[in-house]
Q: 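Here you go, one structure.
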Amino acid sequence: MTLQVYNTPYRKKQPFTPLSGNKVGMYVCGVTVYDMCHIGHARSLIVFDVISRFLRRKGYNLTYVRNFTDVDDKIIARANSLGKPYNEIAERYIDEFITDMDILKVRPADIEPKATEHIGQIVEMVRMLEDKGLAYLADDGSVYFRVGKFKGYGKLSGRRIEDMIAGARVDVEEAKRDPLDFALWKKSKEGEPSWDSPWSKGRPGWHIECSAMSTHYLGHTLDIHGGGRDLIFPHHENETAQSEGAFGADFVRYWIHNGFVTIGGDKMSKSLGNFLTIRELTKDVHPEVLRLLLLSRHYRSPIDFSKEAVHSSQQALVRFYEMLDRVQKSPVKDGEASLAGFITAFDGNLDEAMFDDFNTAKAIADLHDLTTQVNKVLDDNPCVSHEDKSAMDQTVAEISEILGILEENPAQLLEKVKRTGISETGLTQAEIEELIEQRNAARKARDFSKADEIRDTLKAKGIILKDTPEGTEWEKG
RNA sequence: GGCGGCAUAGCCAAGUGGUAAGGCGACGGUCUGCAAAACCGUUAUUCACCGGUUCAAAUCCGGUUGCCGCCUCCA
């Protein structure tokens with residue numbers, strides 16, 4: 001099977017072949033650390049987490065680089081408004097980011113470079129651009145990239161320079177020779193963080209850090225460069241211009257861009273104020289529910305985030321874990337395998353889906369199929385063979401390894417998830433259990449109307465009962 | 001204004017030439033004291049609309065409408 005990857009500039013899937021052997025260099029634009037991350041960030045992080053996990057699993061020798069933008073206008077603005085040094089803000093939100101990634105089970109990248117630790121490489125790159133006539137020092141002390149001089153500007157985003165000029169929504173800074181030019185090096189104002197350079201005391205422009213750091217760690221040509229769709233223009237277009245302008249080599253072989261998380265159809269963003277932070281959401285939503293939700297749609301499609309969507313993903317996750325719980329609790333006995341065949345078929349489907357442009361949505365649908373098959377077999381005969389059990393263990397390990405879900409102990413997770421939101425019922429766990437005991441006493445006495453009354457009372461508060469041979473179980477619906 | 005993307009059942013959603021995956025919901029059934037869960041069955045002759053190409057189109061081409069994104073910071 002060949003891995004097919006949708007490549008943004010070509011607008012189609014292409015077979016994936018790394019530049020050299022099985023070595024893959026992947027750079028993904030990380031976050032600007034000036035505030036807490038929201039669900040939209042989570043999606044990008046999780047999508048590329050899964051991509052990196054899958055590539056490794058399939059034997060690619062991956063080097064994954066994801067940066068921190070730790071100096072920029074927003075960080076400075078934030079620092080000023082709080083009266084703190086900019087680096088204190090950056091450090092704090094890097095810590096918060098790491099905590100969020102732990103919560104979401106997003107693995108660290110191999111290299112997580114910070115812009116401020118690569119000023120040397122950045123200055124060097126700007127100097128190369130200047131030498132080649134692609135950059136100029138303007139009257140305001142800043143250095144700009146000369147867009148008109150770079151052939152091929154617009155090839156990633158599919159824009160033409162003439163169209164952009166006609167669009168006329170490009171801001172006009174006096175010092176620029178052309179409205180499309182963008183800053184490589186920004187002269188700092190009094191009191192702003194700054195570094196020495198041949199041009200002025202200043203700091204890197206927005207785009208140059210990614211060019212400098214990605215090529216520094218991965219070479220002049222990256223196999224994969226990723227990020228959110230919104231970065232295609234101007235950020236990635238500008239990165240391409242800088243990198244190819246400076247080094248004269250193709251910058252990126254495969255561009256991968258993830259779709260947005262929307263709320264009520266609108267993009268989730270800081271400026272619209274319609275965002276939900278990872279920290280806030282995961283207070284009462286299990287991280288695997290969020291991972292499942294975000295992976296249930298193809299990574300390039302938008303996902304509309306809503307309470308209902310979260311609820312539906314939680315139900316799906318519970319369904320999977322209930323199936324696993326059944327398998328774990330089923331007595332093991334010698335004999336023919338009844339599940340292994342379905343499990344093997346699933347393994348093939350999982351691979352096939354992932355090889356087809358990381359189609360996690362398809363993979364999860366296949367997992368639903370497997371769940372139905374397993375439940376069906378166990379309904380007929382609640383026993384499993386050694387072979388069944390080890391096949392299931394291996395497959396669950398594979399799913400966890402690639403998708404980062406189904407990593408928990410089923411019984412424990414079900415217990416935890418089923419009780420989330422209990423505070424909404426106005427009852428304590430002890431009160432609920434007391435009512436259940438009363439109901440069971442009534443049932444024993446065959447006073448079913450009283451038993452049903454208790455069950456209805458609980459149901460009205462959102463507690464659903466389930467009578468099993470091992471006793472009565474309950475969950476917050 | 002320019003560029004790009006999307007439109008599949010009540011809802012969510014996969015599917016880039018071969019005759020519509022999956023989930024939720026709803027309804028009927030098995031099971032159950034009754035429920036719940038699980039399982040079985042039903043729920044799109046049809047993929048926004050109009051043309052075209054083809055033996056064959058949700059899938060390709062042209063047009064129309066609607067929604068979203070980018071062009072300013074953005075995952």
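The structure presented is a predicted model; accordingly, all values stated were derived computationally and were not measured. FYI, side chains are in, hydrogens and waters are out, and symmetry mates aren't considered; it's all heavy atoms of this structure. Each chain gets a letter, A, B and so on, in the order the sequences are listed, and its residues count up from 1.
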Q: What nucleotide among B:A75, B:G5, B:C34 has an atom nearest to a side-chain atom of A:Arg229?
A: B:G5

Q: Give me the distance, rounded to whole Å, that separates B:A20 from B:C47 when you measure between the C1' atoms they each carry.
A: 8 Å

Q: Identify which nucleotide among B:G33, B:A75, B:C68 has an atom closest to any side-chain atom of A:Arg443, counting heavy atoms from C-beta outward.
A: B:G33

Q: Name all pairs fulfilling the salt bridge (Lys or Arg N to Asp or Glu O under 4.0 Å) condition that reach into residues 445-454 of chain A, sequence neighbours left out, sorted by first residue then second.
A: A:Asp452-A:Arg455

Q: In terms of side-chain heavy atoms of A:Gln315, which of B:G25, B:C71, B:A75 is nearest?
A: B:G25

Q: Pull out every protein N or O sitting under 3.5 Å from an N or O of nucleotides 10-21 of chain B, one pair per line with the distance.
A:
residue: B:C12; atom: O2'; partner: A:Arg297; partner atom: NH2; Å: 2.4
residue: B:A14; atom: OP1; partner: A:His298; partner atom: N; Å: 3.1
residue: B:A14; atom: O3'; partner: A:Asn359; partner atom: ND2; Å: 3.0
residue: B:G15; atom: OP1; partner: A:Asn359; partner atom: ND2; Å: 2.8

Q: Side chain of A:Lys466: nearest nucleotide among B:A37, B:C34, B:G23?
A: B:A37

Q: Checking A:Lys155 now: which residues fulfil side-chain hydrogen bond (donor to acceptor under 3.5 Å, both in side chains) with it, not counting sequence neighbours?
A: A:Glu244

Q: With sequence neighbours left out, what residues match A:Phe182 under ring pair (Phe, Tyr, Trp, His ring centres under 6.0 Å)?
A: A:Phe145, A:His207

Q: A:Asp467 side chain: which of B:A36, B:C71, B:A35 is closest?
A: B:A35

Q: Once salt bridge (charged side-chain N to carboxylate O under 4.0 Å, His left out) is applied, do any residues pair with A:Arg419, and if so which ones, sequence neighbours excluded?
A: A:Glu415

Q: Could you list the donor-acceptor pairs under 3.5 angstrom formed by side chains in residues 470-477 of chain A, with sequence neighbours left out?
A:
residue: A:Thr472; atom: OG1; partner: A:Asn440; partner atom: OD1; Å: 3.3
residue: A:Thr472; atom: OG1; partner: A:Asn440; partner atom: ND2; Å: 3.2
residue: A:Thr472; atom: OG1; partner: A:Asp467; partner atom: OD1; Å: 2.9

Q: Compile the donor-acceptor pairs under 3.5 Å between side chains in residues 28-39 of chain A and protein atoms, sequence neighbours left out, one pair per line.
A:
residue: A:His38; atom: ND1; partner: A:Gly40; partner atom: N; Å: 2.9

Q: Between B:G33, B:A36, B:C68, spot the one nearest the side chain of A:Arg439, thanks.
A: B:G33

Q: On a whole-Å scale, what distance lies between the C1' atoms belonging to B:U43 and B:C50?
A: 30 Å

Q: Expressed in whole Å, how much space separates the C1' atoms belonging to B:A13 and B:U54?
A: 29 Å

Q: Using a 4.0 Å cut-off on heavy atoms, which residues in residues 322-330 of chain A reach RNA chain B? List them by number, or say none.
A: A:Arg326

Q: Hydrogens and angles aside, do A:Tyr86 and A:Asp70 bring a side-chain donor and acceptor to less than 3.5 Å of each other?
A: no

Q: Is the closest side-chain donor-acceptor distance between A:Arg319 and A:Thr372 under 3.5 Å?
A: yes

Q: By nearest atom, which of the nucleotides B:C3, B:C39, B:A75 is closest to the A:Arg159 side chain?
A: B:C3

Q: Between B:G18 and B:C11, how far apart are the two C1' atoms, rounded to whole Å?
A: 30 Å

Q: Quick one: side-chain hydrogen bond (donor to acceptor under 3.5 Å, both in side chains) partners of A:Arg159, sequence neighbours excluded?
A: A:Ser157

Q: Please list each protein N or O that sits under 3.5 Å from an N or O in nucleotides 40-43 of chain B, with the distance.
A:
residue: B:C40; atom: OP1; partner: A:Lys376; partner atom: NZ; Å: 3.2

Q: Check salt bridge (charged side-chain N to carboxylate O under 4.0 Å, His left out) between A:Glu112 and all other residues, then give those that pass, not counting sequence neighbours.
A: A:Arg66

Q: Which donor-acceptor pairs under 3.5 Å do the side chains of residues 354-364 of chain A make with protein atoms, sequence neighbours left out?
A:
residue: A:Asp356; atom: OD1; partner: A:Lys13; partner atom: NZ; Å: 2.9
residue: A:Asp357; atom: OD1; partner: A:Tyr6; partner atom: N; Å: 3.1
residue: A:Asp357; atom: OD1; partner: A:Tyr299; partner atom: OH; Å: 2.8
residue: A:Asp357; atom: OD2; partner: A:His298; partner atom: NE2; Å: 3.3
residue: A:Asp357; atom: OD2; partner: A:Tyr299; partner atom: OH; Å: 3.4
residue: A:Asp357; atom: OD2; partner: A:Arg300; partner atom: NE; Å: 3.2
residue: A:Asp357; atom: OD2; partner: A:Arg300; partner atom: NH2; Å: 2.7
residue: A:Asn359; atom: OD1; partner: A:Ala361; partner atom: N; Å: 3.4
residue: A:Asn359; atom: OD1; partner: A:Lys362; partner atom: N; Å: 3.0
residue: A:Thr360; atom: OG1; partner: A:Leu295; partner atom: O; Å: 2.7
residue: A:Lys362; atom: NZ; partner: A:Asp366; partner atom: OD1; Å: 3.3
residue: A:Lys362; atom: NZ; partner: A:Asp366; partner atom: OD2; Å: 3.1

